[in-house]
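On a predicted model such as this, the values are computed, not experimentally measured, just so you know.
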Amino acid sequence: MPGGRLTQQDRQQIALGLADGLAYAEIARRLDRPTSTITREVMRNGGPTGYRADLAHRATERRAHRRKQAVPRGPEARPQAHGRDPEAVRAYEETLTTVFIQSGTPTMAARLMAGLTLSDAGSLTASELVQRLQVSPASVSKAVAFLESQGMVRRERDAGRRERYTVDDDIMYESMMASARGTAQVAETARDGVGVLGPGTPAAVRLENIARFLDFVSESIARAADQAREVLHTKPETPSDSAT
């Protein structure tokens, strides 16, 4: 894969690829770039429907200019265990954060979620998060409160009585079940409106259809999560395992 930053011509090719409905992987293949580079570029510059090559190029130049003027807060990439490339991990964490943000997670909560997910322990204290994210304790507390409300992190105490925030194998399952319950609640509320607006009226029919649709979606999410739960506790096969 070639190094260096994306050029304006690269960004024009990305815009053309998006207009043609190409997947990020296909655009990356045509530019001989990592798929993560294309994903990060598009997500931080308007998303697949709002990406504009000229605007993206100017925004990147502005960000680079601001970085040069800013006082350094320490190394961009932290040392990594297991022989990982620190810059590759930093870039991937940025990509994961951007995807969380695009899915509707507030920025600080997305940064915190990405940090927890990419830590080998899947668990960090408040002080560790403050240091890792370079933010205030209040920002960490607010982000944790949001993620807890969504069932995406769990708060616990370690042997030293310090609070730790954890993302473990069951958190994703619990998050999916919380989503299913929330969807079912919307369906129930929509159905309550049928009696208020009068059965058979256009608005009531619309609400009934919404309720039936969301009932199906909620039940499907819960059923799929139950069926797939064991996947979260299964160690993936390595290439050597497959060969054996």
Side-chain angles (χ1 to χ4, degrees), residues 1-120 129 131-135 139 143 146-147 150 152 167 172 175 236-239 242:
M1 298 292 183
R5 299 182 182 279
L6 291 169
T7 66
Q8 189 162 16
Q9 184 177 6
D10 290 335
R11 292 188 166 93
Q12 289 169 351
Q13 291 302 312
I14 291 172
L16 290 173
L18 292 172
D20 289 340
L22 300 181
Y24 294 151
E26 176 59 20
I27 296 173
R29 186 188 66 78
R30 295 187 178 192
L31 291 176
D32 196 21
R33 297 273 186 165
T35 302
S36 61
T37 296
I38 306 304
T39 303
R40 187 166 60 251
E41 166 69 15
V42 174
M43 290 301 187
R44 67 165 28 166
N45 290 293
T49 59
Y51 184 83
R52 300 293 182 272
D54 54 342
L55 297 179
H57 195 69
R58 287 200 293 270
T60 301
E61 289 181 335
R62 286 196 298 271
R63 284 193 293 266
H65 182 66
R66 286 197 298 268
R67 281 195 295 268
K68 288 179 182 178
Q69 292 182 324
V71 177
R73 295 190 303 179
E76 289 191 1
R78 293 177 297 276
Q80 293 290 322
H82 306 292
R84 297 166 180 145
D85 179 345
E87 283 297 333
V89 173
R90 183 199 61 77
Y92 177 72
E93 185 168 344
E94 184 179 336
T95 298
L96 184 61
T97 299
T98 302
V99 171
F100 285 153
I101 292 170
Q102 291 292 326
S103 71
T105 305
T107 300
M108 186 52 61
R111 292 184 62 200
L112 193 150
M113 188 67 180
L116 284 174
T117 302
L118 299 188
S119 66
D120 282 310
L129 285 164
Q131 183 177 12
R132 182 184 182 110
L133 302 178
Q134 294 290 292
V135 297
S139 295
F146 171 82
L147 292 171
Q150 303 299 307
M152 297 176 72
V167 175
M172 186 57 68
S175 178
E237 283 190 357
T238 64
S242 300

Does CD belonging to Gln131 count more than 12 external heavy atoms closer than 6.0 Å?
-> no

With rounding to the nearest 0.5 angstrom, report the [atom1] to [atom2] distance, [X] to [Y].
| X | Y | atom1 | atom2 | result |
| --- | --- | --- | --- | --- |
| Ile101 | Met108 | CD1 | CE | 9.5 Å |
| Arg11 | Asn45 | CZ | CG | 7.0 Å |
| Leu16 | Leu22 | CG | CG | 9.5 Å |
| Ile14 | Arg30 | CD1 | CZ | 12.5 Å |
| Ser175 | Leu147 | OG | CG | 9.5 Å |
| Thr117 | Leu112 | OG1 | CG | 9.0 Å |

Can you list the steps and then say if Glu61 with Arg58 is a salt bridge (charged side-chain N to carboxylate O under 4.0 Å, His left out)?
-> CA-CA 5 Å; Glu61 289 181 335; Arg58 287 200 293 270; over 6 Å; no

With the side chain counted from C-beta on, respond yes when [X] and [Y] share a heavy-atom pair under 4.5 Å apart, and no when they do not.
| X | Y | result |
| --- | --- | --- |
| Met152 | Met113 | yes |
| Leu31 | Thr37 | no |
| Met43 | Tyr24 | yes |

For [X] against [Y], the heavy-atom pair lying closest together:
| X | Y | value |
| --- | --- | --- |
| Ile27 | Ile38 | CG2-CG2, 4.0 Å |
| Ala25 | Thr35 | CA-OG1, 3.7 Å |
| Thr95 | Ser36 | OG1-O, 3.8 Å |

Would you mind telling me which of Arg5, Arg33, His57 makes a side chain to side chain donor-acceptor pair (under 3.5 Å) with Asp10?
-> Arg33

Sorted by chain and residue number, the side chain to side chain contact (heavy atoms under 4.5 Å, CB included) partners of Leu118 (sequence neighbours excluded) come out as Tyr92, Glu93, Leu96, Arg132

Go through the steps for Thr105 and Gln150 under the test side chain to side chain contact (heavy atoms under 4.5 Å, CB included), then give the verdict.
-> CA-CA 10 Å; Thr105 305; Gln150 303 299 307; over 6 Å; no

Ignoring hydrogens and geometry, is there a side-chain-to-backbone donor-acceptor pair from Arg111 to Leu133 under 3.5 Å?
-> yes

Donor-acceptor pairs under 3.5 Å, side chain of residues 48-55 to any protein atom, not counting sequence neighbours: which ones?
| from | atom 1 | to | atom 2 | distance (Å) |
| --- | --- | --- | --- | --- |
| Tyr51 | OH | Glu41 | OE2 | 2.7 |

